[in-house]
Every structure is written in C-alpha cells, then in structure tokens.
Amino acid sequence: MEKKIIKEGKYRYIEMGEGTPIIILHGLMGGLSNFHGVMNHFPPKGYKVLVPELPIYDMPLLKTNVKSFAKFLERFIEHKELKDVILLGNSLGGHIGLLHTKLYPKMVKALVITGSSGLYESAMGDGYPKRGDYEFIKKKAQDVFYDPEIATKEIVDEVFATVNDRIKLVKTLSIAKSAIRHNMSKDLPHMLTPTCIIWGKNDSVTPPNVAEEFHSLLPDSDLFWIDKCGHAPMMEHPLEFNTVLDAWLEKRNL
C-alpha cells in the first residue's frame, strides 16, 4: 500500500492516524517503506504515526552529521506542534533519536531503538563501498538481514545508485564517520527516558553485545530479542516487532 508523502516547506513526511505521536526515524540506507508494518499497525490503536524523510543528502557537507539531524528532528516536531512524542529509530535513526532525547529530554516521552548506532557499528565494513561492483553491493545489502531474500532487487538497486552517486557517497561516508565519532556511552547513564530496545539476535552490523551495552547503560530500559533476525527487525519480522512494541507501550502506559 503506497503512503502519500506530504510536502510542507522543507519537510517531506508520511502521517497516519490520530493520538499519541510516534515519530519513525529511518536509517542511512533505509527509506520510508522499511516501516510499512509499523505504519499500518499503530494508527488503529490510537497513535499518530509520522515518518519524516531525513535530509541525509540535502545538508551542506559540514552539517552532514548526527547532531544536525537531531536538530532537524526538533524543528520538525515544532513545525508539527507536537509534544510528548515517542521516537522509534532504526540504525542511524536510533542514534538520531538518542541524541535528540539527550538534547531535548522534555519533548520525548519514550524512545524505541533497534539496531541503533551510537555505541558501535560496522556498517561500512571492510573496504566499503566499491563503486560499480553490483555483486559486492548486493552482498553488503544481504548481510544486513538474517534472510538475504529480504534484500530485494529494489533495495539493492537503491543502495547501488547511492554509492555510484559521488556526492551521495561522500555524504554517506561523512555521516557514517560522524556516527562512529559520536559515541554516546558517557551520555546514556544520564538519560532517564523510558527506552525499549528491540534487537535482532543475528545482527552483524550492530551485534547483540551492543544491545546489551545499551541496556546496561540506559537507566530505564527494557531489552527484547527477535530470533533469526538481522539489523532491521521491523522489516524482517514486522508482526513480532509490533507485538513486542505493543506490549511494551501498554505495560508502560504509553
């Protein structure tokens, strides 16, 4: 089901439902479609789901970093006149959610992270990326998932197009370096926002010990595992992901 993208000024986003706002933050190579399962599940349960397109390739190079995206998110929240938001981020999106929560704690009621950077990630792997080598890019895309079939031709084509666009490639590498530099281990113990950590047991980009470290450092967190699952649980196991998140939101009275 295609979702209509709303364009308002510099913002492009999807919005569905009414109620408590859940803002979904996609990762570096992930588009809005990665969250179809979440987008369809939560609006009927009394949530307003918003998925802003992050300006990953639109910022000046010097501002292509995690902090700029956290500030962009704050401006989006102000633009939409939201408060008490729940942030849900995958990969780089989780990192942006964490940093935004640290910078603007009063705005965020709860945080959900899955396969998040912020402590460690090996997304760029060894010798990444080789431009023009489609099979190499395909293998990289498949490695993100436990089941390589999830990396459809459409997904691989999109990643391939990105790494073969010189400007996008430079910005992709700039963000990746920013994410590695911006380690949040010293910040996390001071962040009291209720946090739900949902992780793939077979995540090779941000391995399981990263989830355990997030759990031990965040004072008010719960950790849930999804089996036979890689770096993007909401794509690979959408039903299980929604069930876990549903139960957590109910238990936390959110």
Side-chain angles (χ1 to χ4, degrees), residues 1-3 5 12-14 24-40 51-59 64 66 69 88-96 113-117 120-180 198-208 210 226-242:
M1 173 179 157
E2 275 306 303
K3 310 284 190 290
I5 294 183
R12 285 166 50 87
Y13 63 97
I14 292 168
I24 295 175
L25 304 164
H26 61 80
L28 182 53
M29 293 289 190
L32 308 191
S33 61
N34 293 13
F35 290 89
H36 272 291
V38 178
M39 281 188 240
N40 292 331
V51 195
E53 207 170 82
L54 298 171
I56 286 180
Y57 305 117
D58 303 335
M59 294 262 195
T64 302
V66 180
F69 297 131
L88 190 178
N90 171 237
S91 199
L92 174 73
H95 198 164
I96 294 165
I113 57 172
T114 176
S116 178
S117 58
Y120 163 88
E121 55 93 45
S122 67
M124 291 300 139
D126 309 317
Y128 176 88
K130 290 183 185 168
R131 293 168 73 188
D133 186 342
Y134 189 85
E135 284 308 308
F136 179 85
I137 299 297
K138 182 179 175 183
K139 172 84 173 68
K140 277 282 173 199
Q142 288 175 336
D143 286 350
V144 169
F145 306 102
Y146 176 80
D147 175 6
E149 295 298 308
I150 304 281
T152 59
K153 184 174 185 312
E154 190 184 4
I155 288 171
V156 178
D157 287 351
E158 204 173 306
V159 176
F160 185 72
T162 298
V163 300
N164 280 286
D165 176 321
R166 200 179 67 82
I167 292 167
K168 283 187 175 179
L169 176 62
V170 168
K171 291 192 172 180
T172 298
L173 294 172
S174 172
I175 300 161
K177 283 179 183 147
S178 158
I180 291 163
I198 306 176
W199 224 263
K201 269 192 178 170
N202 312 89
D203 187 340
S204 61
V205 179
T206 43
V210 178
I226 296 185
D227 205 10
K228 295 184 178 170
C229 180
H231 188 54
M234 70 290 157
M235 282 177 77
E236 209 160 353
H237 294 283
L239 294 178
E240 197 175 338
F241 183 89
N242 289 340

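Taking CG of Leu54 as the reference point, atom CZ of Arg12 lies at 12.0 Å (rounded to 0.5 Å). To the nearest 0.5 angstrom, Lys228 atom NZ is 5.0 Å from Tyr146 atom OH. Note: Thr114 OG1 to Trp199 CH2 = 6.5 Å, rounded to the nearest 0.5 Å. With values rounded to the nearest 0.5 angstrom, Asn90 atom CG is found 8.0 Å from Thr206 atom OG1. Distance CD1/Ile24 to CD1/Ile14: 9.0 Å, rounded to 0.5 Å. The distance from the CG atom of Leu173 to the OG atom of Ser178 is 12.0 Å, given to the nearest 0.5 Å.
Residues passing the side chain to side chain contact (heavy atoms under 4.5 Å, CB included) test with Lys177, sequence neighbours excluded: Arg181. With sequence neighbours excluded, the residues satisfying side chain to side chain contact (heavy atoms under 4.5 Å, CB included) with Pro208 are Trp225. Taking Leu239 as the reference, nothing meets the side chain to side chain contact (heavy atoms under 4.5 Å, CB included) condition, with sequence neighbours excluded. With sequence neighbours left out, Ala141 forms a side chain to side chain contact (heavy atoms under 4.5 Å, CB included) with Ala151, Val156.
In plain terms, the two heavy atoms of Val159 and Ile137 that are nearest each other are CG1-CG2, 3.6 Å. Considering every non-hydrogen atom in both Leu88 and Phe35, the closest pair reads CD2-CE2, 3.8 Å. Contact detail for Gly200 and Pro233: the closest heavy-atom pair is N-CG, 3.8 Å.
Contact of the Val210 side chain with the Asp203 side chain is not registered, since no non-hydrogen atoms from C-beta on lie closer than 4.5 Å. Side-chain atoms of Val163 and Lys140, non-hydrogen and from C-beta on, never get closer than 4.5 Å to each other. At a threshold of 4.5 Å between non-hydrogen side-chain atoms, the residues Met59 and Phe69 count as touching.
For residues 143-155, every residue pair satisfying the salt bridge (Lys or Arg N to Asp or Glu O under 4.0 Å) rule, not counting sequence neighbours, is listed here: Lys139-Asp143, Lys153-Asp157. For the side chain to side chain donor-acceptor pair (under 3.5 Å) condition, no pair includes a residue of residues 232-242, sequence neighbours left out.
For the pair Ser116 (side chain) and His95 (backbone), a donor-acceptor distance under 3.5 Å is present. Ser174 contributes a side-chain N or O that, together with a main-chain N or O of Thr64, makes up a donor-acceptor pair within less than 3.5 Å.
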From CA spacing to verdict: side-chain contact (heavy atoms from CB on, under 4.5 Å), Ile56, His26: CA-CA 10 Å; Ile56 286 180; His26 61 80; 3.9 Å; yes

Steps toward side-chain contact (heavy atoms from CB on, under 4.5 Å) verdict (Asn164, Leu169): CA-CA 7 Å; Asn164 280 286; Leu169 176 62; over 6 Å; no

side-chain contact (heavy atoms from CB on, under 4.5 Å) between Tyr57 and Asp165, intermediate numbers included: CA-CA 11 Å; Tyr57 305 117; Asp165 176 321; over 6 Å; no

Full working for side-chain contact (heavy atoms from CB on, under 4.5 Å) between Asn202 and Phe145: CA-CA 8 Å; Asn202 312 89; Phe145 306 102; over 6 Å; no

